[in-house]
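The structure presented is a predicted model; accordingly, all values stated were derived computationally and were not measured.
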Amino acid sequence: MKAIIISIAAATMLFACNSAENKGTNGKLAGNYAPENFDDSLAALNKTDMGNLSVAVNQFEESVDNEKEGDAALPQLLQYITASLDTLNDGLAKNGSEYVSLVTDSIKTPTAKQLALVKNMTAHHTQLQNDGEGGIYLEYDYAWLLKEIGDDLSDPVKDYLRITADEASMPLSRDGAIVLPLQTLADRVLNTEKLQTQQLPATFANDIKKVNTYYSNALLFGADNTPSITRGSTKIAPQFDQAYSYVVSKSPQSAIAAKIGEWRNVVATGKRAEIDKFMKANWEME
């Protein structure tokens, strides 16, 4: 994924699984049940070949026999997918001008190279996305992956993968602006908060914590081009206030509902210094 405003590094952690270890306390699965040689088989795949994305999924399906093994092996699979996409996007960036019209224009007569890329993407479950800054990048179809391997995953891990799919297909922000409907953003905050209480592999548990912070920051404070405080005033923008009311009504006992209450009270003072102080104290990076 491309860099966007509001601490995209935190969200990127959801897709770039940093470790295959599963260490457990506080809701994290203990033990390492990953199938033997799965990591080695992934390491042997050429990341410049998009077809190996499908090979990696096939190897996952052949390697796991139950949810315990599937949960433990999925971080390795996602790590490979992320690394492969990084490699493929590096190559795409060198020839991006040949393909950018695939996502920015309605093409009547695609070129041979464009047709070949589309065929490859369709076969291996990737898609082109516009980064909002004139560039394009390949993203994986995690929703398809969930359908393909969901039977070998526990419910919490399926929820994790569903959140991954949602952010990949509908990113929160582009070009310094929140492009996601705020009620959808509110639901993502609540879903990631709830998922933190479930049993997850340690890598995923750490990622979900970061992504919840990422979404919560955006819901409370907005983005550069979509601030939660109306410009030139000390009042909460109406669309954010509506999203706050939705959260408080839907999940009044949630941590984000409590934080919204604090934020509303500070903004209600009308004191810019107090508002800035609260933002500085509560803008969490991880």
Is there a side-chain contact between [X] and [Y] in this structure, where contact means two heavy atoms from C-beta onward sitting under 4.5 Å apart?
{"X": "L161", "Y": "V157", "result": "no"}
{"X": "Y80", "Y": "K47", "result": "yes"}
{"X": "M279", "Y": "I275", "result": "yes"}
{"X": "L182", "Y": "Q242", "result": "no"}
{"X": "I236", "Y": "T230", "result": "no"}
{"X": "H124", "Y": "N120", "result": "yes"}
{"X": "L88", "Y": "M50", "result": "yes"}
{"X": "H125", "Y": "L53", "result": "no"}

- Task: Please report the C-alpha distance between Q114 and S101 in whole Å, then the side-chain angles of each, then the deciding distance to 0.1 Å, and finally whether the side chain to side chain donor-acceptor pair (under 3.5 Å) criterion is met.
- Result: CA-CA 9 Å; Q114 289 175 333; S101 58; 2.8 Å; yes
Check [X] against [Y] and note the closest heavy-atom contact, atom names and distance.
{"X": "P227", "Y": "D224", "result": "CD-O, 4.0 Å"}
{"X": "N46", "Y": "N52", "result": "O-ND2, 2.8 Å"}
{"X": "F38", "Y": "A73", "result": "CE2-O, 3.6 Å"}
{"X": "R272", "Y": "S233", "result": "NH1-O, 3.6 Å"}
{"X": "S154", "Y": "D71", "result": "OG-OD2, 2.7 Å"}
{"X": "Y244", "Y": "L219", "result": "OH-O, 2.9 Å"}

- Query: Transitively linked via ILVMFWY side-chain contacts under 4.5 Å: I136 with V179?
  - Reply: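 No: no chain of side-chain contacts under 4.5 Å links I136 to V179.
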- Hydrophobic cluster membership, V103 vs L115, 4.5 Å side-chain cutoff: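 As far as the 4.5 Å side-chain criterion goes, L115 and V103 are not connected within one cluster.
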Would you say [X]'s side chain and [Y]'s backbone share a donor-acceptor pair under 3.5 angstrom?
{"X": "D241", "Y": "A237", "answer": "no"}
{"X": "Q129", "Y": "A168", "answer": "yes"}
{"X": "N89", "Y": "L138", "answer": "yes"}
{"X": "T269", "Y": "N265", "answer": "no"}
{"X": "T82", "Y": "L78", "answer": "yes"}
{"X": "R162", "Y": "L146", "answer": "no"}
{"X": "T122", "Y": "V118", "answer": "yes"}
{"X": "T192", "Y": "V189", "answer": "yes"}
{"X": "N66", "Y": "E69", "answer": "yes"}

- Query: Is there a donor in the side chain of S41 and an acceptor in the side chain of Q59, or the other way round, less than 3.5 Å apart?
  - Reply: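 Yes, a side-chain donor-acceptor pair sits under 3.5 Å.
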- Verify whether one side chain among R188 and S216 offers a donor that lies under 3.5 Å from an acceptor in the other.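 No.
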- Item | Under the salt bridge (Lys or Arg N to Asp or Glu O under 4.0 Å) test, residues paired with D187 that sit two or more places apart |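 Salt bridge (Lys or Arg N to Asp or Glu O under 4.0 Å) check on D187 returns K250.
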- Message: For D151, give me all partners under salt bridge (Lys or Arg N to Asp or Glu O under 4.0 Å), at least two apart in sequence or on another chain.
- Response: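 Scan of D151 (salt bridge (Lys or Arg N to Asp or Glu O under 4.0 Å), adjacent residues dropped) gives none.
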- Between I260 and V248, does a side chain to side chain contact (heavy atoms under 4.5 Å, CB included) hold up when you go through it step by step? CA-CA 8 Å; I260 284 171; V248 173; 4.3 Å; yes
Give, for atom [atom1] of [X] and atom [atom2] of [Y], the distance between the pair rounded to the nearest 0.5 Å.
{"X": "E148", "Y": "E61", "atom1": "CD", "atom2": "CD", "result": "4.0 Å"}
{"X": "D175", "Y": "T226", "atom1": "CG", "atom2": "OG1", "result": "10.0 Å"}
{"X": "K158", "Y": "I149", "atom1": "NZ", "atom2": "CD1", "result": "10.5 Å"}
{"X": "E193", "Y": "T213", "atom1": "CD", "atom2": "OG1", "result": "10.5 Å"}
{"X": "K210", "Y": "Y215", "atom1": "NZ", "atom2": "OH", "result": "15.0 Å"}
{"X": "Q76", "Y": "L42", "atom1": "CD", "atom2": "CG", "result": "6.5 Å"}

- Message: Test side chain to side chain contact (heavy atoms under 4.5 Å, CB included) on V57 and W144; report intermediate values, then the result.
- Response: CA-CA 11 Å; V57 175; W144 170 84; 4.0 Å; yes
- Message: Is there a salt bridge (Lys or Arg N to Asp or Glu O under 4.0 Å) between K194 and D159? Walk through the geometry before answering.
- Response: CA-CA 10 Å; K194 180 179 179 181; D159 287 341; over 6 Å; no
- Task: Start with the C-alpha distance between Y160 and L153, add both sets of side-chain angles, then the distance that settles side chain to side chain contact (heavy atoms under 4.5 Å, CB included), and finish with yes or no.
- Result: CA-CA 10 Å; Y160 172 93; L153 303 174; over 6 Å; no
- Query: Does the salt bridge (Lys or Arg N to Asp or Glu O under 4.0 Å) test come out yes or no for K277 and E274, once each step is laid out?
  - Reply: CA-CA 5 Å; K277 181 180 178 181; E274 292 299 314; 5.0 Å; no
- Message: If you apply the rule side chain to side chain contact (heavy atoms under 4.5 Å, CB included), what do you find for R264 with S245, and how did you get there?
- Response: CA-CA 11 Å; R264 278 175 156 173; S245 295; 2.8 Å; yes
- Task: If the plane angle is over 60° it's perpendicular, under 30° parallel, otherwise tilted; pick one for F221 and W263.
- Result: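 The arrangement is perpendicular - the two ring planes meet at more than 60°.
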